[in-house]
Amino acid sequence: MSISVENISKLYGEQKALNNISFKVNKPEIVGFLGPNGAGKSTMMKILTTYIEPSEGQAKVNDFDIAVQKQQVQQSVGYLPEHNPLYLEQYVREYLAFNAQVYSVKKTRIDEVIALTGLTPESHKKIGQLSKGYRQRVGLANALLHNPDVLILDEPTTGLDPNQLVDIRNLIKSIGKEKTVFLSTHIMQEVEAMCDRVIIINKGEIVANKTLKELRDDKEQVVVVEFDYRVEDAFLLKLPKVKQVENTHDFVYEITFSTTDDMRSYVFDFAHDNQLKILQLNQKNASLESLFRELTAN
Ligand code: ADP
Ligand code: MG
């Protein structure tokens, strides 16, 4: 098991940033840690990288205990912090060489991580001269220096422009083929683009832990339809895969289907067969994004 978290809580003074959190991450796997700002993502990541200690609970990284085997945990983990402090006056290679020395990493590894993160054409430049996307690559190269089994990336794609976003996503996906990647984001699209599984956190508590496939399969679909006349609920309940019908007002009905397939054509045919006119026909909750918003609404 690459990451195993059991009943972790973290208090900052009176405030509970994490409330009794448990989850596991396998190897190799790319898991998204998704939640709105302030949910507790960075706090969890700092605990897993031994930067801070939990108030309660246990966690293991690469089977090493974060409380009593800190050094082994640090050797197992590559960490890209949320606001990665880079020295803008330093050259890319100089920065990596300095950290390689600190961590007693062989010099040949510097060229390896530069190549791996696509930094070769920029490696002679000062960090301050690089775009945000390339600075993130420097952060990733640094996290990969000691060839850790587990990568913990705190909002690696935040603040990147669309092209940089695609490049960094691809880079993370390729790293994730061999290593365990645990990355945080507040954007569901990032999870959809990169991750096998998502752990959703809200206000310090886990509200979902599912593969993307499970998340999509579980999803219901709500179709909102307005007819020109009243329809008996029982009538609408004969539609395929229908779960629930609610007459919200006038001749407007919210029909819940237990499928993610677009059911609007069935509703349309139903209206046609029953000589009803449709005044409006819309899908609600069409995306995983809306599911995320529902799960983190409170
Ligand atoms: P996220 O990364 O999901 O945005 P954080 O883990 O940074 O969330 O923060 C979780 C909560 O803990 C927030 O309410 C934040 O204000 C609070 N918090 C984080 N770090 C500290 C700290 N060092 N001292 C006090 N409160 C903190
Ligand atoms: Mg954060």
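All values derive from a computational prediction rather than experimental measurement. When a ligand or atom number is given, it counts from 1 through the structure's own listing order.
- No donor-acceptor pair under 3.5 Å is formed between the side chain of K27 and the backbone N or O of M1.
- Looking at I187 and F292, their side chains never come closer than 4.5 Å, going by heavy atoms from C-beta outward.
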Under 3.5 Å donor-acceptor pairs involving side-chain atoms of residues 147-160, not counting sequence neighbours:
from : atom 1 : to   : atom 2 : distance (Å)
N147 : OD1    : K179 : NZ     : 2.7
D149 : OD2    : N62  : ND2    : 2.9
D154 : OD1    : S184 : OG     : 2.5
D154 : OD2    : S42  : OG     : 2.6
E155 : OE1    : T158 : OG1    : 2.6
E155 : OE1    : H186 : ND1    : 2.9
T157 : OG1    : E190 : OE1    : 2.8

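- Among the backbone and side-chain atoms of E82, an N/O/S atom is found under 2.8 Å from the Mg ion (ligand 2).
- Both tests hold for R137 against Y134: distance to the six-membered ring centre under 6.0 Å, angle to the ring axis within 45°.
- Within 4.0 Å of ligand 1, protein heavy atoms belong to Y12, Q15, A17, P36, N37, G38, A39, G40, K41, S42, T43, listed by chain and number.
- Remark: the backbone N or O of L80 is not paired with any side-chain donor or acceptor of N84 at under 3.5 angstrom.
- Residues meeting the side chain to side chain donor-acceptor pair (under 3.5 Å) test with Y12, sequence neighbours left out: T43.
- Residues forming a side chain to side chain donor-acceptor pair (under 3.5 Å) with K125 (at least two apart in sequence, or on another chain): E122.
- Because the distance cut-off is set at 2.8 Å, S42 qualifies as a neighbour of the Mg ion (ligand 2) through one of its N, O or S atoms.
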